[in-house]
Amino acid sequence: MESLLGKVALVTGASRGIGLEAALALAQAGADVAVNYLRSQNEAIELVEQIKKLGRRALALQADVSRADEVKRMVAALEANLGGIDILVNNAGINPGRPFANLTIEDWNRTLATNLTSAFLVSQAALPHMRGRRWGRILFLSSVAAQTGGVIGPHYAASKAGMLGLMHSYANLLAKEGITSNAIAPALIETDMIRNNPAIRPDLIPVGRFGRSSEIADAVVFLASNGYITGQTLNLNGGWYMS
Ligand code: NAP
């Protein structure tokens, strides 16, 4: 596997859940890591301290990644402190729950902005550095919802399917420049996102349990360490959807 030593990673939404484990795993694999968060400042600072203890550089960056102005500010701060982004994990996401017939345009816009527009904004901001270095890894935390519709609703499924289009386009456009673009499509990973939702039960999953954030983090490191996989969706779903 290619070493990640000296590479700089940005994980959006890294204060909790999958993003937190991915940030930690990338640091364990050698990368310096910027930890983006929206509100969970204490958790983000605690994670930064943990990463520094591993001997890596780390930085907590507050920003709402659905907003162009905040993404610009965040990436400028990252570049000033750590250099540019070599590995981008587009992970920040929300899943507003409401019976689908009652979904509002506000639910739709907020979900699309947070889950999909954010990935476009941060990727576009990261690309000049990656293209200059002719090395980069762009990862998208999509979902089984992109493939089957899932259990959250049409707003969430559409946002996650949109990420796959974005991923395929970057993979095509950047293949000759040393930059790979891939997606991870998890199902039912035990984080705050799925807690307290009675529609989400482990018996839905063929392997009979929820997934662990650390299992997704392993896949993040794997894809970041491999220059020949691009344009792919890696399914980590306990056998729920078989490709
Ligand atoms: P989570 O535990 O709810 O954590 C969400 C993270 O996103 C938090 O760090 C949160 O920051 C951050 N965030 C939310 N809105 C943001 C914004 N506008 N700007 C910046 N950060 C923002 O979620 P998770 O389960 O780890 O999910 C991570 C990703 O995997 C999501 O994209 C999700 O859709 C996807 N996914 C999850 C599952 C699952 O079963 N858990 C399945 C498939 C796909 P704060 O802590 O500051 O609020």
**Student:** Whether the Asp86 and His129 side chains hold a donor-acceptor pair (N or O, under 3.5 Å, no angle test) is what I'd like checked.
**Tutor:**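 Checked: Asp86/His129 side chains pair up, N/O donor to acceptor below 3.5 Å.
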**Student:** Main chain of Ala77, side chain of Asn81: is a donor-acceptor contact present, judged purely on distance under 3.5 Å?
**Tutor:**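 A pair under 3.5 Å: yes.
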**Student:** Is there a side-chain contact between Arg67 and Met74, using heavy atoms and a 4.5 Å cut-off?
**Tutor:**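 SC-SC contact between Arg67 and Met74 ruled out.
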**Student:** Given Arg16 and Ser40, is the side chain to side chain contact (heavy atoms under 4.5 Å, CB included) satisfied, shown in steps?
**Tutor:** CA-CA 8 Å; Arg16 296 183 278 127; Ser40 305; 3.6 Å; yes
**Student:** For a quick check under 3.5 Å, do Asn172 and Ser169 share a side-chain donor-acceptor pair by atom type?
**Tutor:**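 No pair is found: no donor N or O on one side chain lies under 3.5 Å from an acceptor on the other.
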**Student:** Quick test of your reading of the model: are Arg195 and Asp192 salt-bridged, counting only N-O distances below 4.0 Å?
**Tutor:**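 Judged by the 4.0 Å cut-off on N to carboxylate O distance, Arg195 and Asp192 do form a salt bridge.
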**Student:** Is the shortest distance from a Lys or Arg side-chain nitrogen in Arg137 or Glu2 to a carboxylate oxygen in the other one below 4.0 Å?
**Tutor:**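 Salt bridge: yes.
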**Student:** Rounded to the nearest 0.5 Å, what's the gap from CZ on Phe140 to OG1 on Thr233? Could you check?
**Tutor:**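 So the CZ of Phe140 and the OG1 of Thr233 are separated by 10.5 Å.
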**Student:** Between the side chain of Thr230 and the main-chain N/O of Ser181, is any donor-acceptor distance below 3.5 Å?
**Tutor:**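 Here the side-chain-to-backbone pair exists.
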**Student:** Hey, what do you get for CE (Met193) to CG (Leu188), rounding to the nearest 0.5 Å?
**Tutor:**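 Rounded to the nearest 0.5 Å, the CE-CG separation comes out at 11.5 Å.
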**Student:** Please say whether the positively charged group of Arg131, taken as NZ for Lys or CZ for Arg, lies over the ring of Trp135, i.e. under 6.0 angstrom from the six-membered ring centre and within 45 degrees of the axis.
**Tutor:**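 No - Arg131 does not lie over the ring of Trp135 by the 6.0 Å and 45° rule.
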**Student:** Side chain to side chain contact (heavy atoms under 4.5 Å, CB included) with Lys52: which residues, sequence neighbours excluded?
**Tutor:**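 Counting only residues at least two positions away or on another chain, Lys52 forms a side chain to side chain contact (heavy atoms under 4.5 Å, CB included) with Val48, Glu49, Ala58.
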**Student:** Could you tell me whether a side-chain N or O of Lys160 sits under 3.5 Å from a main-chain N or O of Gly149, the two making a donor and an acceptor?
**Tutor:**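 Checking the backbone N and O of Gly149 against the side chain of Lys160, no donor-acceptor pair under 3.5 Å is found.
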**Student:** For the residue pair Asn235 / Gln147, report whether a side-chain donor-acceptor contact shorter than 3.5 Å exists.
**Tutor:**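 Their side chains do contain a donor-acceptor pair, which is all the 3.5 Å distance test asks for.
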**Student:** Is a side-chain donor or acceptor of Arg134 paired with a backbone partner of Lys176 at a separation under 3.5 angstrom?
**Tutor:**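 Side chain of Arg134 to backbone of Lys176: a pair is present.
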**Student:** Where do Ser66 and Thr114 land on the side chain to side chain contact (heavy atoms under 4.5 Å, CB included) test, with the steps shown first?
**Tutor:** CA-CA 5 Å; Ser66 70; Thr114 305; 4.2 Å; yes
